[in-house]
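Worksheet for the structure shown next.
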Amino acid sequence: MLPRARFDHSAFSPMSVVTRFAPSPTGYLHIGGARTALFNWLYARKMGGKYLLRIEDTDRARSTPEAIEAIIDGLDWLGLQHDGEITYQFERAPRHREAAEAMIARGTAFRCYMTAEEQEAERAKSHEEGRAIRSPYRDGKAPPSPDAPFTVRLRAPDEGDVLNVDLIQGDVRIKARDIDDLVLLRADGNPTYMLSVVVDDHDMGVTHVIRGDDHLTNAARQIVIYRALDWTPPLFAHVSLIHGEDGKKLSKRHGAQAVHEWRDMGYLPEAMNAYLMRLGWSPGHDDILSKEEAISQFDIAQIGKAPSRLDFKKLDSVNAHFMALADDERLAKLVLTHIEQRDGATLGGAERVALANAIPLLKKRAKTIPDLADQAAFVLVKRPLVLDDKAKSLMKDDFRQRLQRLRDRLTKEPAWDHVSLGAALKAFATDEGVGLGQIGPGLRAALTGGLPAPDLGQALELLGRDEALARIADQI
RNA sequence: GGGCCCUUCGUCUAUCGGUUAGGACGCCUGGUUUUCAACCAGGAAAGAGGGGUUCGACUCCCCUAGGGCCUGCCA
C-alpha cells in the first residue's frame, strides 16, 4: 500500500467543496451516524463549502416518517445545520431510472430476467467458486418471454483494477472482476441504493463522500457505476466504525446507541460533539474543542484508520467540562425538567429559585444533568430533614448544645454570604476551643441530612438564612 | 468460500526513520479537608508476534495472529 494520501487544501477552490450526510430512515440517529454527520459538517465549514442532507428512503418497506423525524431532531440537537433543502431520495426515482436507461444505452447495464430461483442458484455457485455474480443476460441473451419481469443490472467489467484513492484509508485497489453484476433497478422499477447514491451524489455536486468504513468496498462498486455513466467520482473518505467499550460492534447490549438516549442521560450537545469528533480525529494537542475551534483545525488527513471504542468515563469528563461552562439559566431549565420528570411532580416557585441560585456554584461539580440534580438535592429537601445513619450518629446531646450555641451566633450574623459565614464558622470553632472538624460534619448533617453539598459557608448561603437556621433548630 | 480494511498505555490519541515513545480520561499514592466533588503533587501503564530493508524502525516491506467490513431486488 502506498503512503496514505494527504489532502492538499490548496489544490481545491474552497467554494467547490460539497459534503453530505445520507442516513437511511430505518431507525434513530445512531452515534456513528452522528459522528459521520459531524465530520461532513466540519469539513464543509472548514472549506467554506456546503454540507447537504439526504434521506435515503428508497427502501419503502423499512423507511418511516418517525425515523426521519428522529434523525432530523438528533442532528438539530447537535447543531449540525445542513445547507439547502433536504433531498428525499425516493422522490428522485425517475431520475435514477433515467440513469439506468442511459447505462443500458451505453452498454454498461442490461436487463436481467433471472428468476429468484436462478438468482439464488447463481449466488450459491459464485460463492462456491469464489467469484463475483454474473448474469447470463449480460451479453444480450433473449428474454424467456416478451413480458417477463426484469431487473436492470450493472454489466461489471471483467478487466482492470478499480482504485479508490481514499482520503483516510489510502489507496484501496480491487480487481474489477470481483464486482458483481449489481442490481441497479429492482423488478418493480425502483432503484437500489447502489444506483441512487451515485446518481444523487453526482447531481448534488458532492465532492467529498465522508462516511462509515462499512461502505469501503461499496466505493469500488460505485466508482464502476460512475464510470459506466461516464461521470467523475467524488473523493471518498472512509471513517472507521465506533465500537462498544468491549471493542465489539455496537449493539443493544452496549446500552445507548442513539443520540437521543445520550440527551436523556443528561449529556450536553456540545459535549457530545466534542467527544465524538475526537473519536478517530486528532488535531494534535487539544483534547476538548468547541465546534468552532474544530472547524479551524479540522483536516480529513488527521482522521485515523483504526476503529475506536466508546468510553463513558471520558464522555463524563468532557461533559463536566462543558457543564462548568454552560449558561446558568439553560442548566437550570434542564435540571428542572429532569427533576420534574424523575419525580413526576412540579416544583414550586421557591424551590425553583433555590435551584436556580445553586446552579452557578454546583455546575462546576457535576458531570451530567442528573448528577447536577443530585448535587442540588440538598437545597430542595423539605424540613424536617430525614437524617441518614451517619448524620444521625453525629447528633449527640453535647453536640446539640454546641449547635444551639452556633445557631445563636449565626442568628446574629449580619451578612449572609459565604465569605462572612465561613469566617463566622472559624471564629466559632476558636471560641469553642476546637477545630472545625468538631463542628463541620455535624453542622453539615443538620443542614443536609447527609446529602452531598459544597463548602459549609456556601451551603449556608445557598440555603438562605431562614431555611438554614430552621434546619439547625430542627436538630437541637 | 471470495474481496477489502484495521492493530501505540485499560480507553481516546501524538509520533510522518534517530524522542527517556508525549498528552488526555480512568486508575493508584500523597496533600488540602467540613461530606461528596473539585483542586494540587507524584506514580504505574503502550508500539500484537515473527521476519526483513536500513548505520538506525512504532514509523517502510512481507508473513502470522487477532479484530472488522462487504459479498441483499437493505442502506
Side-chain angles (χ1 to χ4, degrees), chain A residues 1 3-4 6 22-26 56-59 61-63 89 112 114 116 119 123 126-133 151-153 164 166 169-170 172-175 178-180 182-188 190-194 196-197 212-221 238 240-241 243 245 247-249 275 278-288 304-318 320 324 362 364-367 371 374-375 378 390-391 425 429 435-445 447-448 450-457 459:
Chain A
M1 193 185 75
R4 164 147 149 236
R6 299 244 147 203
S24 65
T26 54
E56 308 221 316
D57 54 354
T58 53
D59 184 345
R62 296 200 304 159
S63 299
Q89 192 161 58
C112 172
M114 280 201 274
Q119 157 99 265
R123 189 189 317 290
S126 62
H127 186 275
E128 196 178 319
E129 294 173 10
R131 58 166 179 82
I133 290 173
T151 59
V152 173
R153 283 182 188 269
N164 165 27
D166 200 276
Q169 301 296 338
V172 180
R173 192 184 302 270
I174 74 160
K175 294 193 170 43
D178 287 328
I179 291 172
D180 289 339
L182 302 161
V183 173
L184 268 14
L185 245 37
R186 300 169 165 101
D188 65 4
N190 284 322
T192 59
Y193 160 78
M194 214 58 78
S196 307
V197 225
D213 195 307
D214 49 338
H215 285 292
L216 186 58
T217 43
N218 285 338
R221 300 185 175 105
H238 289 92
S240 284
L241 305 178
H243 292 166
E245 290 189 286
K248 294 281 197 293
K249 190 183 175 183
Y275 176 71
R278 288 291 281 96
L279 247 36
W281 173 60
S282 172
H285 285 297
D286 291 338
D287 278 298
I288 300 182
K305 304 164 119 176
S308 44
R309 304 184 185 200
L310 240 28
D311 181 355
F312 283 87
K313 291 282 182 54
K314 179 79 168 239
L315 210 209
D316 278 350
S317 91
V318 173
L362 266 24
K364 298 188 192 74
R365 310 158 57 95
K367 293 191 188 309
D371 189 23
D374 291 344
Q375 298 281 349
F378 82 98
K390 196 179 162 199
L425 246 28
L436 251 190
Q438 297 301 309
I439 295 168
L443 172 59
R444 183 176 292 283
L447 253 23
T448 71
L451 293 169
D455 167 79
L456 282 171

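Only this structure's heavy atoms are used, side chains among them; waters, hydrogens and symmetry mates stay out. Given the structure is predicted, the values throughout are model-derived calculations rather than measurements.
Taking atom CG of A:Asp374 as the reference point, atom C1' of B:A38 lies 17 Å away to the nearest angstrom. Taking atom CG of A:Asp178 as the reference point, atom C1' of B:C5 lies 15 Å away to the nearest angstrom. Taking atom CD on A:Glu128 and atom C1' on B:G1, their separation rounds to 9 Å, with Å as the unit. Taking atom CD of residue A:Gln375 and atom P of nucleotide B:U35, one finds them 14 Å apart after rounding to whole Å. To the nearest angstrom, P of B:A37 lies 16 Å from CZ of A:Phe378. One atom, CG of A:Leu425, and another, P of B:U35, lie 13 Å apart when rounded to the nearest Å. Between A:Arg365 atom CZ and B:U34 atom P there is a gap of 15 Å when expressed in whole angstrom units. Atom NZ in A:Lys305 sits roughly 19 Å away from atom C1' in B:C12 (whole-Å rounding).
In this structure, B:G10 and B:C25 make a Watson-Crick or G-U wobble pair, each of the two defining distances being under 3.5 angstrom. Taking a pair to require two hydrogen-bonding distances under 3.5 Å in either a Watson-Crick or a G-U wobble arrangement, B:G1 pairs with B:U71. A 3.5 Å limit on both hydrogen-bonding distances identifies B:G31 as the Watson-Crick or G-U partner of B:C39. Pair check for B:U19 finds none; no Watson-Crick or G-U wobble contact set falls under 3.5 Å.
Put simply, the side chain of A:Asn164 reaches to within 4.5 Å of the side chain of A:His238, judged on heavy atoms. Considering only heavy atoms from C-beta on, A:Tyr193 stays 4.5 Å or farther from A:Leu182 through its side chain. Counting heavy atoms from C-beta on, the side chains of A:Leu310 and A:Leu279 come closer than 4.5 Å. Under the 4.5 Å side-chain criterion, counting only non-hydrogen atoms from C-beta, A:Leu456 is not in contact with A:Leu436.
Projected onto RNA chain B by closest heavy-atom contact, A:Gly457 and A:Lys175 fall at different nucleotides, the more 5' of which corresponds to A:Lys175.
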Under 4.0 Å protein heavy-atom contacts per nucleotide of nucleotides 19-26 of chain B, with B for base, S for backbone only and - for none: ----BBS-
Nucleotide-resolved protein contact map, nucleotides 64-75 of chain B, B/S/- at heavy-atom distance under 4.0 Å: -----SSSSBBB
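Taking A:Arg131 as the reference, A:Glu122, A:Glu129 meet the salt bridge (Lys or Arg N to Asp or Glu O under 4.0 Å) condition, with sequence neighbours excluded. Here A:Gln119 pairs with A:Arg153 under the side-chain hydrogen bond (donor to acceptor under 3.5 Å, both in side chains) rule; sequence neighbours left out. By the side-chain hydrogen bond (donor to acceptor under 3.5 Å, both in side chains) test, A:Asp316 pairs with A:Tyr267, sequence neighbours left out. For A:Glu128, there are no side-chain hydrogen bond (donor to acceptor under 3.5 Å, both in side chains) partners at least two apart in sequence or on another chain. Take A:Asp180 and apply the side-chain hydrogen bond (donor to acceptor under 3.5 Å, both in side chains) test, not counting sequence neighbours, and it matches no residue. Under the salt bridge (Lys or Arg N to Asp or Glu O under 4.0 Å) criterion, A:Asp374 pairs with A:Arg342, not counting sequence neighbours. Residues satisfying the salt bridge (Lys or Arg N to Asp or Glu O under 4.0 Å) criterion with A:Asp371, sequence neighbours excluded, are absent altogether.
Across the P atoms, B:G3 and B:A48 are found 26 Å apart, a figure rounded to whole Å. On the P atoms, B:U29 is 44 Å away from B:C70, given to the nearest whole Å. Taking atom P on both B:A38 and B:G26, the two are 7 Å apart, rounded to the nearest angstrom. Annotation: B:G42 and B:C6 have their P atoms spaced 39 Å apart (nearest Å). Going from the P atom of B:G51 to that of B:A45 covers 25 Å, rounded to whole Å. Across B:G67 and B:C62, the matching P atoms stand 22 Å from one another, rounded to whole Å. Across the C1' atoms, B:U54 and B:G18 are found 12 Å apart, a figure rounded to whole Å. The same atom, C1', is picked in B:U11 and in B:A44; the two are 16 Å apart, to the nearest Å.
Side chain A:Arg173 to base B:C4: no donor-acceptor pair is found below 3.5 Å.
Looking at heavy-atom distances under 4.0 Å, A:Ala306 makes contact with sugar-phosphate atoms alone, never a base. Backbone-only contact: A:Ile174 has heavy atoms under 4.0 Å from sugar-phosphate atoms and none from a base.
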